[in-house]
Enquirer: 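Dropping the structure in here first, questions after.
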Amino acid sequence: MWVRELAVSAPGKVILHGEHAVVLGKVALAVALDLRTFLRLRPGAEGRLSVCLPGVGVRRSWDTPRLRALRGRIAADFDESKSPSAEQLDALREFAGIAAGASAPESLATLAFLYMCLAISAKYGDVPSVDIVVWSELPTGAGLGSSAAYAVCLAAALLMVCGAISCPLQEGESTARWTEEELTLINSWAFRGEQVIHGNPSGVDNAVGTWGGALRYQAGKITPLKRVPTLRILLTNTKVPRSTKVLVAGVKEKILKFPAIMNPVLDSIDAISQECQSVLEAMPANPSPEHYPVLEEFFDINQHHLNVLGVGHPSLDRLCQVTALHSLHSKLTGAGGGGCGITLLPPDTSPLAVEAAKQDLCACGFECWETKIGAPGVTLHCCSSLSARVLHELAQS
Ligand SMILES: Nc1ncnc2c1ncn2[C@@H]1O[C@H](COP(=O)(O)OP(=O)(O)OP(=O)(O)O)[C@@H](O)[C@H]1O
Ligand SMILES: C[C@@](O)(CCO)CC(=O)[O-]
Ligand SMILES: [Mg+2]
């Protein structure tokens, strides 16, 4: 029986280059953001599993004997090496009263929760009687990896409750991290959660959520970048809603329709990621302005490529035009179709210019904020060490 009250957090991410192409085996460069998702785990009433997800308006609770019976009916092949099957997901939808094909955030979040609970408990232990709340600083469905941060937090908490990974937090410590081997297991299960939400994820987002920092990702191979300079980045949320699942499926369709036209675009995106990696690794820790023009050109070229793949949006064109008026370069990040864009802020950009760009972006109805990149990956926290804001949000639920 689980007896401690703890919290788990995982960061969102920004993809510098390689979104969409990475789903088809090309290289992506991604960095962890200093915006995180937090999960509070505490013992629940005996025989009840409860979940509260204020970001998507979900509050559900189930009897564990019913979940155990459901698990028995569909557990034959729950494993971190296997994708969720259509039959398993159909059974979970029917159990939770979710219509077939429902893609609303609350439906996908509930389905991923149930899948991960049943799959992880089937492999490592019993359905736990716990109370879980997940709250995020990340906007949902805006290209910053909110689905992966959610799946990483769930994987870590559920694996810990079921005894598949340790509880590394010693008495008196405020935070702790897991071993490489444990992180690998968390990442594998988070990928399965992402599959429930995304359909066909590459795995880059859950890798950044698990390991944090800055990494190169290609076909499941995760390589931390040797050296990442301090990059100043402005993040802008166009607030145009979109679904990663739908956008990824649209790109696949386009490639199947025009392979000879689209494959060279994917190859060019791959080359941008690789060149950008070389440039970043050759830059000094605190780069000077002359290092930036090449990074800016990569942003411009990739933004055009992403438009060719069909994942642009008039709001993102606007974002790029507005920042260009201030001599700043931007591209979409994540799945596109709305959501967020990133703008490079070279060190010689005056505070006045940044402020003016922000004002113009806000006048378009966008929200923007400067951010730090390279945050730590999935982390275990003693609840009392969380900030007052996070504690407040988790306690409201
Ligand atoms: N805080 C949260 N609580 C519960 N579910 C969440 C939360 N954040 C995200 N999700 C789930 O993730 C889905 C959004 O995932 P989606 O992949 O479309 O966007 P994203 O991950 O924010 O962007 P991208 O994949 O482009 O980085 C939501 O529909 C919801 O099911
Ligand atoms: C669009 C995509 O490349 C990035 C979403 O953050 C999808 C994926 O890699 O799973
Ligand atoms: Mg996502």
Side-chain angles (χ1 to χ4, degrees), residues 9-33 35-40 51-60 98 102-116 132-154 190-191 193-209 217-220 235 237 240-252 266 269 273 302 306 309-311 332-342 393-394 397:
S9 74
K13 62 94 222 296
V14 159
I15 297 190
L16 294 177
H17 290 291
E19 47 275 270
H20 289 289
V22 67
V23 177
L24 297 137
K26 309 297 181 191
V27 174
L29 302 181
V31 292
L33 264 181
L35 295 174
R36 302 180 80 82
T37 294
F38 293 86
L39 178 154
R40 189 194 67 198
V51 63
C52 182
L53 310 170
V56 295
V58 168
R59 184 187 286 274
R60 305 277 309 248
I98 297 170
S103 59
E106 61 275 22
S107 305
L108 295 176
T110 306
L111 200 60
F113 177 82
L114 278 175
Y115 179 81
M116 292 180 76
I132 286 177
V133 179
V134 184
W135 172 80
S136 189
E137 294 169 338
L138 292 159
T140 301
L144 302 183
S146 72
S147 60
Y150 172 61
V152 169
C153 285
L154 279 181
F191 179 66
E194 274 278 81
Q195 280 186 317
V196 176
I197 295 173
H198 270 213
N200 185 25
S202 65
V204 63
D205 292 1
N206 48 279
V208 183
Y217 185 93
Q218 184 174 29
L235 259 179
N237 187 357
V240 173
R242 66 339 145 262
S243 147
T244 301
K245 185 176 183 168
V246 170
L247 288 152
V248 168
V251 171
K252 185 173 171 194
L266 298 176
I269 293 178
S273 294
N302 201 357
L306 289 161
L309 292 183
V311 298
L332 68 83
T333 189
C340 287
I342 50 177
E393 296 292 350
L394 290 169
S397 312

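Quick note: residue numbers are just sequence positions, from 1. All ligand and atom numbering here is 1-based and tracks the order in the structure.
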Enquirer: Please list the nearest protein heavy atom to atom 12 (O) of ligand 1 with its residue and the distance rounded to 0.1 Å.
Expert: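 Its nearest protein heavy-atom neighbour is Ser147 CB, 3.3 Å.
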Enquirer: How far is atom 22 (O) of ligand 1 from its nearest protein heavy atom, and which residue and atom name does that atom have?
Expert: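 Of the protein heavy atoms, Ser146 OG, 2.7 Å lies nearest.
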Enquirer: For atom 28 (C) of ligand 1, what's the nearest protein heavy atom and its distance?
Expert: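 Of the protein heavy atoms, Thr140 CG2, 3.7 Å lies nearest.
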Enquirer: So which heavy atom in the protein is nearest atom 26 (O) of ligand 1, and how far is it from that ligand atom?
Expert: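 Residue, atom and distance for the closest contact: Arg242 NH2, 2.5 Å.
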Enquirer: Should one rank Lys13, Glu194, Glu19 by closest heavy-atom distance to atom 6 (O) of ligand 2, which comes out on top?
Expert: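 Result: the heavy atom closest to atom 6 (O) of ligand 2 is in Lys13.
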Enquirer: Under 3.5 Å, N or O to N or O, is Leu53 touching ligand 1 that way?
Expert: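 Among all N and O atoms of Leu53, none is under 3.5 Å from an N or O of ligand 1.
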Enquirer: I'd like to check whether Thr244 has a polar contact with ligand 2, where a contact means an N/O of the residue lying under 3.5 Å from an N/O of the ligand.
Expert: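 Between Thr244 and ligand 2 (N or O atoms, distance only) the closest approach is not under 3.5 Å.
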Enquirer: Can you pull out the closest protein heavy atom to atom 19 (O) of ligand 1? Residue, atom name and distance to 0.1 Å, please.
Expert: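 I find the closest protein heavy atom is Gly141 CA, 3.2 Å.
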Enquirer: Using a 4.0 Å heavy-atom threshold (strictly under), name the region of Ala104 that reaches ligand 1: side chain, backbone, both or neither.
Expert: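 Neither part.
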Enquirer: Can an N, O or S atom be found in Ser147 less than 2.8 Å away from the Mg ion (ligand 3)?
Expert: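 Here the distance criterion (N, O or S atom, under 2.8 Å) is met by Ser147, so yes.
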Enquirer: Check for me whether Lys13 has a heavy atom closer than 4.0 Å to any atom of ligand 1.
Expert: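 Yes.
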Enquirer: Which heavy atom of the protein is the closest neighbour of atom 29 (O) of ligand 1, given with residue, atom name and distance?
Expert: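 That would be Pro105 CA, 3.1 Å.
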Enquirer: Are any side-chain N or O atoms of Gln195 and backbone N or O atoms of Asn200, one a donor and one an acceptor, separated by less than 3.5 Å?
Expert: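 Not a single qualifying donor-acceptor pair exists.
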Enquirer: So is Lys245 in contact with ligand 1, going by heavy-atom distances below 4.0 Å?
Expert: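 For ligand 1, residue contact (heavy atoms, under 4.0 Å) with Lys245 is absent.
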Enquirer: Taking only heavy atoms of Val204, which atoms of ligand 2 are found under 4.0 Å from at least one of them?
Expert: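 Those of ligand 2 that fall under 4.0 Å from Val204 are 9 (O).
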Enquirer: Classify the contact between Ile15 and ligand 2 as side chain, backbone, both or neither, using a heavy-atom distance cut-off of under 4.0 Å.
Expert: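 Only the side chain of Ile15 comes within reach of ligand 2.
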Enquirer: Under 4.0 Å from any heavy atom of Val22, which atoms of ligand 2 are there?
Expert: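 Those atoms are 3 (O), 9 (O).
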Enquirer: Indicate yes or no: does an N/O atom of Asn200 lie under 3.5 Å from an N/O atom of ligand 2?
Expert: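 Such a contact does not occur with ligand 2.
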Enquirer: Can you tell me which residue among Asn237, Ile342, Leu138 is in a side-chain contact (heavy atoms from CB on, under 4.5 Å) with Leu144?
Expert: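 The option that passes is Leu138.
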Enquirer: Between Lys252 and Leu247 (side chain of the first, backbone of the second, donor and acceptor by atom type, cut-off under 3.5 Å), is there such a pair?
Expert: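 No, because the side chain of Lys252 does not come within donor-acceptor range (under 3.5 Å) of the backbone of Leu247.
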Enquirer: What is the closest protein heavy atom to atom 25 (O) of ligand 1, and at what distance does it sit?
Expert: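 The answer is Thr244 OG1, 2.9 Å.
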Enquirer: Provide, to 0.1 Å, the distance between atom 13 (C) of ligand 1 and the closest protein heavy atom, together with that atom's residue and name.
Expert: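 Checked against all protein heavy atoms, atom 13 (C) of ligand 1 sits closest to Ile197 CG2, 3.8 Å.
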